[in-house]
Amino acid sequence: MSAARAAAIETALAAAYPDATCELDFRSPYELLVATILSAQCTDARVNTVTPSLFERFPDPRALARADQAELEALIRSTGFFRNKAKSLLGMACAVVERHGGEIPASMGNLRNLPGVGRKTANVVLGTAFGMSTGVVVDTHVARLARRLGLSAEEDPEKIERDLMELFPPATWVPLGHRLIRHGRRVCHARKPECDACPLMPTCPRIDV
DNA sequence: ATCCCGAGGG
DNA sequence: CCCTCTGGAT
């Protein structure tokens with residue numbers, strides 16, 4: 001894989017998806033962290049239907065830390081996995097209050113030590129809420145596309161991320177992640193990719209995954 | 001029926 | 001490493 005081809009892919013993606021942000025509604029690192037935790041196995045549009053009332057009721061980590069679990073579960077039920085997510089949100093908020101004075105920490109280590117926060121969520125918050133290009137978001141879509149596009153031959157998300165970080169300049173990491181995710185959702189599906197409508201054709205090697 | 005923008009736990 | 005957790009969209 002050459003840097004030139006990587007650059008060409010980036011250019012085509014940028015043209016196809018000019019809006020290089022996530023589709024979650026948020027106004028602070030706290031709100032993005034909560035929305036991202038809710039987004040597992042769920043569309044951003046659905047998350048956006050529950051977050052207004054959620055943030056009105058629990059506007060900051062301190063309020064969320066004191067939330068009643070049953071009330072929290074009721075508010076987020078439609079996003080699926082609601083018991084796990086309620087537990088994660090509660091644990092996350094308590095940890096933020098106890099360990100970080102109620103402020104969402106802006107470092108990979110501190111974020112990942114919060115309950116319910118894995119590498120994907122931490123990367124989203126760092127890149128999109130704090131504007132800290134520390135890595136590339138690698139979720140199932142990005143992993144699949146990186147392999148299909150020949151950007152990485154790895155399986156492990158961490159290794160895929162390293163490959164992407166070598167291939168693309170740091171300033172592109174955050175928008176690249178959003179664009180790959182969007183492309184994966186809209187066009188390059190896991191089962192039946194819509195190659196006819198793909199802005200990356202005919203350059204795509206279509207590596208089978 | 002089948003799939004989905006993850007993370008924790010055994 | 002594999003399993004589990006959930007509702008909603010298609």
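Scope of the values below: all heavy atoms of this structure, side chains included, with no hydrogens, waters or symmetry mates.
Among the protein residues, A:Arg77 comes within range of the sugar-phosphate backbone only, with heavy atoms under 4.0 Å from sugar or phosphate atoms but none that close to a base. Among the protein residues, A:Val117 comes within range of the sugar-phosphate backbone only, with heavy atoms under 4.0 Å from sugar or phosphate atoms but none that close to a base. Heavy atoms of A:Thr121 sit under 4.0 angstrom from primed sugar atoms or phosphate atoms, though from no base atom.
Contact between the side-chain N/O atoms of A:Arg46 and the OP1/OP2 oxygens of C:dA9 is found at a separation under 4.0 Å. For A:Arg185 and B:dC5, the shortest distance from a side-chain N or O to OP1 or OP2 is below 4.0 Å. The shortest distance between the side-chain N/O atoms of A:Arg191 and the OP1/OP2 oxygens of B:dC3 is below 4.0 Å.
A:Leu114 is listed as a side-chain neighbour of A:Leu111, based on a closest heavy-atom distance under 4.5 Å.
The gap from the P atom of B:dG10 to that of C:dT6 amounts to 15 Å, rounded to the nearest Å. Between C:dC1 and B:dC5, the two P atoms lie 24 Å apart (nearest whole Å).
Summarising the geometry, the separation between CZ on A:Arg186 and C1' on C:dT10 is reported as 16 Å, rounded to the nearest angstrom. Residue A:Leu38 contributes atom CG, which lies 12 Å from atom C1' of B:dG6 at whole-angstrom precision. Following rounding to the nearest Å, A:Ile181 (CD1) and B:dC4 (P) show an atom-to-atom distance of 14 Å. Rounded to whole angstrom, the span from the CD1 atom of A:Ile37 across to the P atom of B:dC5 amounts to 18 Å. As rounded to whole Å, 12 Å separates atom P of B:dG8 from atom CE of A:Met92. Straight-line distance from the CG atom of A:Asn84 to the P atom of B:dG9: 10 Å, rounded to whole Å. Between the P atom of C:dG7 and the CG atom of A:Asn48 lies a distance of 20 Å, rounded to the nearest Å. At whole-Å resolution of the value, CG in A:Asp44 and P in B:dC4 are 16 Å apart.
With hydrogens and angles left out, the side-chain atoms of A:Ser152 and A:Arg147 include no donor and acceptor closer than 3.5 Å.
In this model, no side-chain donor or acceptor of A:Gln41 finds a partner on the base of C:dC5 within 3.5 Å. A donor-acceptor contact under 3.5 Å is formed by the side chain of A:Lys120 with the base of B:dC5.
Within 6.0 Å of the CZ atom in A:Arg99, the count of heavy atoms belonging to other residues, nucleotides or ligands exceeds 12. The environment of CD in A:Glu103 is sparse: at most 12 heavy-atom neighbours from other residues, nucleotides or ligands sit within 6.0 Å.
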**Request:** Dump the intermediate steps for side-chain contact (heavy atoms from CB on, under 4.5 Å) on A:His141 and A:His183, then the final yes or no.
**Result:** CA-CA 8 Å; A:His141 290 306; A:His183 185 57; over 6 Å; no

**Prompt:** What's the verdict on side-chain contact (heavy atoms from CB on, under 4.5 Å) for A:Leu64 and A:Met92, showing C-alpha distance, side-chain angles and the deciding distance?
**Reply:** CA-CA 9 Å; A:Leu64 186 58; A:Met92 176 278 285; 4.1 Å; yes

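Comparing C:dG8, B:dG6, B:dC5 by their nearest atom to the side chain of A:Ser78 picks out C:dG8. Nearest nucleotide to the A:Ala190 side chain, out of B:dG6, C:dA9, B:dC4: B:dC4.
Positionally, the nearest nucleotide of DNA chain C for A:Ala40 lies more toward the 5' end than for the other of A:Ala40 and A:Thr43. Judged by closest nucleotide on DNA chain B, A:Ser39 is the one of A:Gly116 and A:Ser39 placed further toward the 5' end.
For the pair A:Phe81 and C:dT6, the ring geometry does not qualify as stacking, because the centroid separation below 5.5 Å and plane angle under 30° are not jointly satisfied.
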